[in-house]
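So you know, we letter chains A, B, ... as the sequences are listed, proteins then strands, and number each from 1. The figures that follow rest on heavy atoms only: side chains count, while hydrogens, waters and symmetry mates do not.
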Amino acid sequence: MSAVEPAAETEAGRDFLRDIVAADLAAGRCAAVVTRFPPEPNGYLHIGHAKAIAINFGIAEEFGGRCHLRFDDTNPAKEAQEYIDAIQRDIHWLGFDWGSHLYYASDYFEQLYEWAEHLIRQGLAYVDDQSADEIRAARGTLTAPGTSSPFRDRSVAENLDLFRRMRAGEFRNGARVLRAKIDMGSGNINLRDPVLYRILHAAHPRTGTRWCIYPTYDFAHGQSDAIEGVTHSLCSLEFEDHRPLYDWLIEHLPVPARPRQYEFARLNLGYTVMSKRFLKRLADEGRVSGWDDPRMPTLAGLRRRGVPPAAIREFVRRVGVARANSTVDLAMFDAALRDTLNRTAPRRMAVLRPVKLVIENYPPGLSEEIEAVNNPEDASAGTRMLPFGRELYIERDDFLETPPKNFYRLAPGREVRLRYAYFVTCREAVKDAAGNIIELHCIYDPATKGGNAPDGRRVRGTIHWVSAAHALPAEIRLYDPLFTRPDPGADGDMMADLNPNSLETLADARLEPALAEDDGTVQFERLGYFCRDPDSTPGRLVFNRTIGLHDTWTKMHADGR
RNA sequence: UGGGGCGUAGCCAAGUGGUAAGGCAGCGGAUUUUGAUUCCGCCAUUCGCAGGUUCGACUCCUGCCGCCCCAGCCA
């Protein structure tokens, strides 16, 4: 054991994967750990992938090894360059880097083809002329063994000839496949002569029409791992049954290395659907604005919603790694998000549902600047100046004509603090003919500038505000979970569980001027975290709510306390 | 009478024979110019169930129960 151990080796609460890697390193079974993240470029990455990314890149990093990004592009029918680009962008955004180790399974097509011929020469693979239906029927069932194909015992010469002609394009799609000759009676269905190559006359995003036969996942994955020198091939639980096939191929092929596959449970999140297929449908059918709709669990969607990559990394770290299937409470994601944002997000003032407040005794035309701290959690974030004047906007919810017992915001005759500014006392609620409150008339105490009374009197409530003369109009988009239940689709139809109220738009919000320049996610004090949406134009800002603040007041109300 | 996995609190999750970590949620309370944050306290006599081995079992053995994955020429 070296004098300098990786920190991870001594940390408590390490997971079983890290234990395996540490043991292999300690025993000298490998000199350095090499992992890989192998997405198929058939859609956008989502938060479930973030777990796999964090595991593969994270373990490599912690143990001083490396992690490859390898596109598993073996099925041209579903794959596209758009996805290849998006996946790379999203992994980088998440904070991981593959350096020069960017690979494609399609880079290995020639080598894989040669290995397929090797298998044929060894009598371990054969060309099957049966149709897909016939193969399926002969495969048997979960409880009944399969039966051999009539083509199973073709000669090596005939198999070689046929396989070469498959490659040459002599046959139509589906006419023949190459199968491994393993065991039609195996209890593991993956071993009942699995298909290794199929005919697909389709253009591939990278190899174009150079090939018309493509290796299956099973024939490509382990061999690609071996070619790249991957030591630990970490994947999710559903590939467990494939491991015997993975090992069989590695053992029977002259591969340059001996990778090992280990499986962990994939991430499931409450109120969320991780199926790429379903997410694609939501985007394609216009149920959301696209793959990057802020309600989507995609990394692109989370980014647009204002979720910082550090929050996602923290979330998956807290979730841990194990082999038990589980569904993580959405609240755990929210907590990681709030923790991250609380430490880093600049504070701003914004009024979502404005009502005008007029300070009767404040000189008309006068305007002053008030200093406010940018982040009470971080002194280095400094301060900024807020314009203040006779007319302000405050939150409609912050005034109640007949306040309940525990309400300590503004009400007739009551004094509250305008954050960072002055104490104001409400004199009158001005209403229109219909009885709607249009203006609140108050008086302020000039001696309370900054928010403290020299006479030591206290107020219970502090509310946020924005200067009417200086405020920026904005549209605010409030998001709720895309689904109405923690287990969407449990009754059979995920579409039926879509939340019809997942988006609420507020058209007339007012923001403090500094918000015109902010990038990144900020906190609107007392409301939540928000970030500017790319739909913003110079004349009209659009902000997304990333997540609200904890709100015990609303909660007390809901509880009827 | 197919094969492979998994069952520790409401949700994640440590624990690998010596007497149940931690996080989230929840519940109290303190501080607070965000009803936020922060802080402090409470929250599994019990580890799917039943037997067995042992001075001692979440950990070992046996049996049962429950849940998940596999019958694509998807990955």
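Annotation: proximity of residues 166-176 of chain A to RNA chain B (heavy atom, distance under 4.0 Å) is found for G174(A), numbered in ascending order. If you check residues 262-270 of chain A against RNA chain B, you find no residue with a heavy atom closer than 4.0 Å.
For the ring pair (Phe, Tyr, Trp, His ring centres under 6.0 Å) condition, the pairs that include at least one residue of residues 162-184 of chain A, sequence neighbours left out, are Y113(A)-F163(A), F163(A)-Y197(A).
V177(A) comes within contact range of at least one nucleobase, with a heavy-atom separation under 4.0 Å. Using a 4.0 Å heavy-atom distance criterion, F71(A) is classed as making no nucleic acid contact. Within 4.0 Å of Q130(A), counting heavy atoms only, lies at least one base atom of the nucleic acid. Across all strands shown, T327(A) has heavy atoms under 4.0 Å from sugar-phosphate atoms exclusively, and none from any base. Counting any heavy atom pair closer than 4.0 Å across all strands shown, Y214(A) reaches no nucleic acid atom. The residue V321(A) sits close only to the backbone: its heavy atoms come under 4.0 Å of sugar-phosphate atoms, none of a base. Base contact: A132(A) has a heavy atom under 4.0 Å from a base atom. Within the 4.0 angstrom heavy-atom criterion, base atoms lie near P376(A). Note on N42(A): nothing from the nucleic acid sits closer than 4.0 angstrom, heavy atoms only. Nucleic acid contact class of S186(A) (heavy atoms, under 4.0 Å, all strands): none. Within the 4.0 angstrom heavy-atom criterion, base atoms lie near I135(A).
Listed nucleotides G4(B), C12(B), G35(B) differ in distance to V328(A); the shortest reach to its side chain belongs to C12(B). Considering only side-chain atoms of V319(A), the nucleotide from A25(B), C12(B), G35(B) that sits closest is C12(B). Closest to the side chain of T552(A), from the set C74(B), G10(B), A36(B), is A36(B). The side chain of T462(A) sits closest to U34(B) out of G10(B), U34(B), A75(B).
In this structure, H550(A) reaches the U37(B) phosphate: one of its side-chain N or O atoms is under 4.0 Å from OP1 or OP2. Note on K555(A): a side-chain N or O is less than 4.0 Å away from OP1 or OP2 of G26(B).
Residues passing the ring pair (Phe, Tyr, Trp, His ring centres under 6.0 Å) test with F524(A) are F530(A), F543(A), sequence neighbours excluded.
Side-chain atoms of Q523(A) and base atoms of U34(B) include a donor and an acceptor less than 3.5 Å apart. Put simply, the side chain of R347(A) and the base of U34(B) share a donor and an acceptor less than 3.5 Å apart.
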* When you check every protein heavy atom under 4.0 Å of nucleotides 65-72 of chain B, what one-letter string (B, S, -) results, 5' to 3'? -> ---SBBBS
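Between Y271(A) and F483(A), a ring centre-to-centre spacing not shorter than 6.0 Å is recorded.
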* Derivation of the side chain to side chain contact (heavy atoms under 4.5 Å, CB included) call for I84(A) and E82(A) -> CA-CA 6 Å; I84(A) 293 176; E82(A) 175 197 354; over 6 Å; no
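One P atom belongs to U37(B), the other to A25(B), and the distance between them is 9 Å to the nearest Å.
Summary of the strand contacts: N452(A) and R323(A) both lie near RNA chain B, and taking for each the nucleotide with the nearest heavy atom, the more 5' one is attributed to R323(A). For A421(A) and A331(A), each mapped to the nucleotide of RNA chain B holding its nearest heavy atom, the one lying further toward the 5' end belongs to A331(A).
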* For RNA chain B, what string of dots and brackets results from 5' to 3' when Watson-Crick and G-U pairs need both distances under 3.5 Å, crossing pairs get [ ], and pairs with another strand get |? -> .(((((((.[[[..)..(...]]].(((((.......))))).....[[[[[..)....]]]]])))))).....
